[in-house]
Amino acid sequence: MLSPAKVKHRKQFKGRMRGAAQRGSSLSFGEFGLKALECGKLTAQQIEAGRIAINRKIKRGGQMWIRVFPSKPFTKKPAETRMGKGKGAPEGWVAIIKPGRIIYEVNGIDPDLAMAALKLAKHKFSFATKIIAKEDTL
């Protein structure tokens with residue numbers, strides 16, 4: 001699983017997911033990509049599940065880039081615990097996704113295979129995404 005090597009603070013505030021993505025909103029490496037249409041949180045497990053789905057579909061043909069990284073910790077209190085007594089222990093890592101953010105990019109494979117691979121990864125997320133391509137590709 002993806003997780004940061006070192007963080008300044010063990011626990012962070014939840015924050016608000018508002019506005020569009022300022023960076024990472026255009027294709028930089030590949031010809032096809034998976035773009036977020038809504039705000040959401042992407043866990044390290046979901047990122048890994050999407051990566052595995054894409055790699056199994058393209059079968060080592062072409063390249064793939066992951067454009068997001070889970071750098072925000074989320075906490076969880078134990079089950080059947082009374083209210084109060086502070087914040088729970090860190091449970092995992094998430095990446096905050098804003099509309100317009102590119103999540104995966106692929107290159108070096110035919111368009112039909114790229115669409116099929118990204119469609120498999122698309123089903124791993126809890127928010128809406130769309131498959132995009134560079135203008136000269138289609």
Side-chain angles (χ1 to χ4, degrees):
M1 290 306 140
L2 293 170
S3 65
K6 184 180 173 187
V7 289
K8 190 171 184 179
H9 302 288
R10 246 172 33 104
K11 300 175 184 178
Q12 284 185 15
F13 290 142
K14 276 188 180 180
R16 295 282 174 259
M17 295 183 289
R18 295 187 303 178
Q22 294 293 319
R23 58 185 74 221
S25 58
S26 61
L27 292 173
S28 299
F29 305 105
E31 294 181 6
F32 300 94
L34 192 61
K35 186 176 208 170
L37 298 177
E38 299 173 347
C39 287
K41 291 180 180 178
L42 202 54
T43 65
Q45 289 87 352
Q46 288 172 325
I47 295 170
E48 183 70 9
R51 183 193 70 81
I52 289 168
I54 292 171
N55 280 339
R56 281 189 179 150
K57 189 67 179 178
I58 64 176
K59 295 179 184 168
R60 295 196 324 242
Q63 288 181 294
M64 186 196 72
W65 292 269
I66 302 171
R67 297 281 309 272
V68 293
F69 186 78
S71 58
K72 186 177 184 112
F74 70 92
T75 61
K76 192 173 180 184
K77 293 186 79 138
E80 299 179 7
T81 304
R82 291 187 179 186
M83 300 297 282
K85 310 265 191 299
K87 195 170 182 177
E91 184 75 12
W93 299 91
V94 294
I96 302 300
I97 305 296
K98 292 185 175 182
R101 180 73 188 203
I102 305 291
I103 302 167
Y104 296 109
E105 289 187 34
V106 293
N107 193 16
I109 55 176
D110 65 304
D112 295 331
L113 185 60
M115 297 292 178
L118 291 172
K119 190 174 180 184
L120 287 174
K122 179 181 184 172
H123 293 298
K124 308 293 181 195
F125 308 144
S126 60
F127 50 87
T129 57
K130 73 174 180 179
I131 299 168
I132 60 168
K134 281 195 175 169
E135 291 78 22
D136 57 339
T137 307
L138 292 177

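Values in this document were obtained by computation on a predicted structure and should not be read as measured data.
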Pairs touching residues 69-84 that satisfy side chain to side chain donor-acceptor pair (under 3.5 Å), sequence neighbours left out: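 Found none.
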I want to check something: taking the side chain as every heavy atom from C-beta on, are [X] and [Y] in contact at a cut-off of under 4.5 Å?
X: I54; Y: L120; result: no
X: R23; Y: R101; result: yes
X: W65; Y: N107; result: yes
X: K11; Y: P90; result: yes

Euclidean distance, [Y] [atom2] relative to [X] [atom1], rounded to 0.5 Å:
X: R10; Y: K87; atom1: CZ; atom2: NZ; value: 10.0 Å
X: L2; Y: R51; atom1: CG; atom2: CZ; value: 8.5 Å
X: I132; Y: K35; atom1: CD1; atom2: NZ; value: 5.0 Å
X: I58; Y: L113; atom1: CD1; atom2: CG; value: 7.0 Å
X: E105; Y: R67; atom1: CD; atom2: CZ; value: 4.5 Å
X: F32; Y: D110; atom1: CZ; atom2: CG; value: 8.0 Å

Main-chain N/O of I47 paired to Y104 side chain as donor or acceptor, under 3.5 Å: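 Yes, the answer is positive, given that a donor and an acceptor are paired below the 3.5 Å cut-off.
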Main-chain N/O of P73 paired to Q12 side chain as donor or acceptor, under 3.5 Å: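 No; judged by distance alone, with no hydrogens or angles, the pair does not exist.
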Flag yes if more than 12 heavy atoms outside [X] fall under 6.0 Å of its [atom1] atom; otherwise flag no.
X: K130; atom1: NZ; answer: no
X: H9; atom1: NE2; answer: no
X: K122; atom1: NZ; answer: yes

At their closest point, which heavy atom of [X] faces which heavy atom of [Y], and how far apart are they?
X: A53; Y: A121; value: CB-N, 4.4 Å
X: I103; Y: A36; value: CD1-CB, 4.3 Å
X: S126; Y: K41; value: OG-O, 4.5 Å
X: C39; Y: M17; value: SG-O, 3.3 Å

Is [Y] reachable from [X] through a run of I, L, V, M, F, W or Y residues, each pair having side-chain heavy atoms under 4.5 Å apart?
X: L118; Y: V68; answer: yes
X: I131; Y: I52; answer: no
X: L34; Y: I109; answer: yes
X: I66; Y: I97; answer: yes
X: F127; Y: I96; answer: no

With sequence neighbours excluded, residues passing ring-ring contact (aromatic ring centres under 6.0 Å, His included) with F74: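 ring-ring contact (aromatic ring centres under 6.0 Å, His included) check on F74 returns nothing, list empty.
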Remaining members of the apolar cluster that contains V7, side-chain heavy atoms under 4.5 Å: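 Joined to V7, directly or through intermediates: W93.
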